[in-house]
Amino acid sequence: MIKILKYGQVSNDEIFARFEPTSSVEDIVRDIIQNVRENGDSALFAYTEKFDKAKLDSLQVSPEEIDAAVGSIEPDFIRILKTAASNIRKYHENQKREGFTIKGEDGIIMGQKVIPVDRAGLYVPGGTAAYPSTVLMDAIPAKIAGCKEVVMVTPPNAYGSVNPAILVAAFVAGVDKIFKVGGAQAIAALAYGTETVPRVDKIVGPGNAFVAEAKKQVFGLVSIDMIAGPSEILIISDDKMDPKVTAADLLSQAEHDKMASAVLITDSEDFATAVSKQLEIQIPNLDREEIARASIDNNGKIIIADNINQAIKISNEIAPEHLELCVDNPFDYLDKIRHAGSVFLGRNCPEALGDYYAGPNHTLPTSGTAKFSSPLSVDDFIKKTQFTYYTKDALSKVADDIAVFARKEGLTGHAKSALVRTKEDI
């Protein structure tokens, strides 16, 4: 049963406690990465047979396989995918950046170019955690950014096939190449390249502990989006909400993972009790009952605050991945929310709307990292290059200042490089 805690009457350690996953996979992942670096495709084939029980003839998904997937998926789901993709594009198109140029006196020109990374790599989980929504959320911003090539990796099933919904989503999102490889070995292949899998510049997408550790280990050679922790939902609600609805929203995240956290902050003890009862009614009816039960019992909590403003202060300290603000006039409170991955406003905006359909990205900062990081966006697939141009006259006016600054740092070579262009006796 979910814990009910009264803010101010229990320690802050209980209020702000988070599940802290432990991992002892560093050495295993390091060995996998090294093997892929040294042996390329042969290592990928071997790991796919070992971990996925699939003996492959080819790592790359063929056009015929994609066509077959499109033909096997019900047309109504394809329509839904296309509508969701359209919503995601509309939202992310507004994130596109432009460079700038500044022209100063004496012919000085400075500016910044915005350049997409050449090749983006998407990791998409397979098996029971096959999420076509993640394909749309990760691929579409990369395409909008202007990446020349978007490469996807995803593990096959034991028959050597990829979930057809994943392939159709990739087709709708415009993914350029798809490879049947998962786990840490897929991250290694994207980071270093093999005979078949091209090396990428940026790796994004969720995965298990092995995938997260591999992303951590290759960071610096390539860029990554984030090291994602267990999924989180935090709901701020008054007692005007239907407890049945609130319980359903909490369970929408609890069913993800036994390590997921579902938190309600409310100003009503009666509402807290009613939601707790609803959770006990609804959990047995879920297909993923065992997962949701573990999540709610171990990581779930209901926090009773004095008022909604105090609830927001508590939420800002937690900095949740998903935040539902289920109150009247939610826009009155929006500016007070400083730390959250994605905010769902009002009584008719379930977090699931953001997972699949609305348009804002569902790849979000977890584990309190919303205090300093952001949702996946077009920005993740661009880089910026500065440029500077000075005429000789412009440099002459500032060369002495540059030299003084350089000498203050003990770098006389820097000083000379400025003065030698402007003074004949250097």
Side-chain angles (χ1 to χ4, degrees), residues 23-62 115-127 129 134-135 138-139 141-143 145-156 160 162 166 170 173-228 363 376 380-383 385:
S23 173
S24 57
V25 302
E26 293 93 338
D27 291 341
I28 297 171
V29 168
R30 190 172 293 109
D31 289 344
I32 290 172
I33 291 173
Q34 186 62 29
N35 190 10
V36 172
R37 286 185 67 182
E38 293 176 356
N39 299 299
D41 284 355
S42 63
L44 299 182
F45 281 117
Y47 284 129
T48 302
E49 186 170 359
K50 178 180 179 180
F51 296 129
D52 302 305
K53 312 304 179 189
K55 193 164 186 175
L56 301 177
D57 296 322
S58 172
L59 291 170
Q60 186 166 356
V61 173
S62 68
I115 308 165
V117 300
D118 286 339
R119 185 181 287 128
L122 318 180
Y123 185 90
V124 178
T134 296
V135 180
D138 290 355
K143 283 291 186 177
C147 295
K148 293 178 181 177
E149 190 170 56
V150 176
V151 176
M152 188 177 95
V153 291
T154 189
V162 174
I166 295 288
V175 172
D176 297 295
K177 293 179 180 177
I178 307 168
F179 298 94
K180 301 176 187 179
V181 57
Q185 60 272 24
I187 301 301
L190 292 174
Y192 290 95
T194 71
E195 300 93 322
T196 302
V197 181
R199 184 186 184 282
V200 304
D201 303 298
K202 177 103 181 198
I203 300 174
V204 305
N208 61 19
F210 292 89
V211 170
E213 178 61 29
K215 287 170 71 177
K216 188 185 300 184
Q217 290 191 23
V218 301
F219 175 64
L221 175 69
V222 295
S223 179
I224 62 171
D225 51 352
M226 63 187 77
I227 305 296
T363 301
L376 189 77
D380 282 283
F381 300 98
I382 63 166
K383 57 193 180 69
T385 296

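Only heavy atoms go into these numbers, but all of them, side chains included; no hydrogens, no water, no symmetry mates.
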Legend entry - Nearest atoms (heavy-atom pairs only) where Lys180 meets Ser58: CD-O, 4.2 Å

Inset, instruction - Could you go through the side-chain contact (heavy atoms from CB on, under 4.5 Å) check for Arg199 and Val222 one step at a time? - result: CA-CA 9 Å; Arg199 184 186 184 282; Val222 295; 4.2 Å; yes

Inset, instruction - Determine yes or no for a side-chain-to-main-chain donor-acceptor pair under 3.5 angstrom, with Gln217 supplying the side chain and Glu26 the backbone. - result: yes

Inset, instruction - Enter the distance from Leu56:CG to Glu49:CD here, rounded to the nearest 0.5 Å. - result: 8.5 Å

Inset, instruction - Evaluate side-chain contact (heavy atoms from CB on, under 4.5 Å) for Val36 paired with Tyr192, printing each intermediate quantity in order. - result: CA-CA 8 Å; Val36 172; Tyr192 290 95; 5.8 Å; no

Inset, instruction - Return yes if some donor-acceptor pair links the side-chain N/O of Lys177 with the main-chain N/O of Gln60 below 3.5 Å, else return no. - result: no

Legend entry - Nearest heavy-atom neighbours spanning Ala191 and Leu221: O-CD2, 3.5 Å

Inset, instruction - Using modelled atom types only, decide if a donor and an acceptor are shared between the side chain of Asp176 and the backbone of Val150 within a distance under 3.5 Å. - result: yes

Inset, instruction - Drop me the distance from Thr194's OG1 to Leu44's CG, to the nearest 0.5 angstrom. - result: 5.0 Å

Inset, instruction - Evaluate the side-chain proximity of Asp138 to Pro206: yes if any heavy-atom separation is below 4.5 Å, no if none is. - result: yes

Inset, instruction - Please step through side-chain contact (heavy atoms from CB on, under 4.5 Å) for the pair Met152 and Ile166, ending with a clear verdict. - result: CA-CA 10 Å; Met152 188 177 95; Ile166 295 288; 3.5 Å; yes

Legend entry - Tyr123 and Pro155, any side-chain heavy atoms less than 4.5 Å apart: yes

Legend entry - Nearest atoms (heavy-atom pairs only) where Ala145 meets Pro116: O-CB, 3.2 Å

Inset, instruction - Over all heavy atoms of both residues, which pair between Val181 and Ala186 is shortest? Give the atoms and the distance, please. - result: O-CB, 3.5 Å

Legend entry - Rounded distance (nearest 0.5 Å) linking atom CD of Gln185 with atom CZ of Phe210: 10.0 Å

Legend entry - Check: Ser223 and Val117 side chains under 4.5 Å, non-hydrogen atoms: no

Legend entry - Sidechain N-carboxylate O distance under 4.0 Å for Lys383, Asp118: no

Legend entry - Salt bridge present between Asp225 and Lys215 (N-O < 4.0 angstrom): yes

Legend entry - Distance, nearest 0.5 Å, that separates CG of Leu190 from CD1 of Ile203: 5.0 Å

Inset, instruction - Hey, could you give me the NZ/OG1 distance between Lys53 and Thr48, rounded to the nearest 0.5 Å? - result: 11.5 Å

Inset, instruction - Kindly determine whether Lys202 and Asp380 satisfy side-chain contact (heavy atoms from CB on, under 4.5 Å), including the steps that lead there. - result: CA-CA 8 Å; Lys202 177 103 181 198; Asp380 282 283; 3.3 Å; yes

Inset, instruction - Over all heavy atoms of both residues, which pair between Asp52 and Pro156 is shortest? Give the atoms and the distance, please. - result: CB-O, 3.7 Å

Inset, instruction - Report yes if some heavy atom in the side chain of Leu122 is under 4.5 Å from a heavy atom in the side chain of Val175; otherwise report no. - result: yes

Legend entry - Nearest non-hydrogen partners of Val25 and Ala209, listed with the distance: CG2-O, 3.9 Å

Legend entry - Interatomic distance, Asn35 atom CG to Tyr47 atom OH [nearest 0.5 angstrom]: 3.5 Å

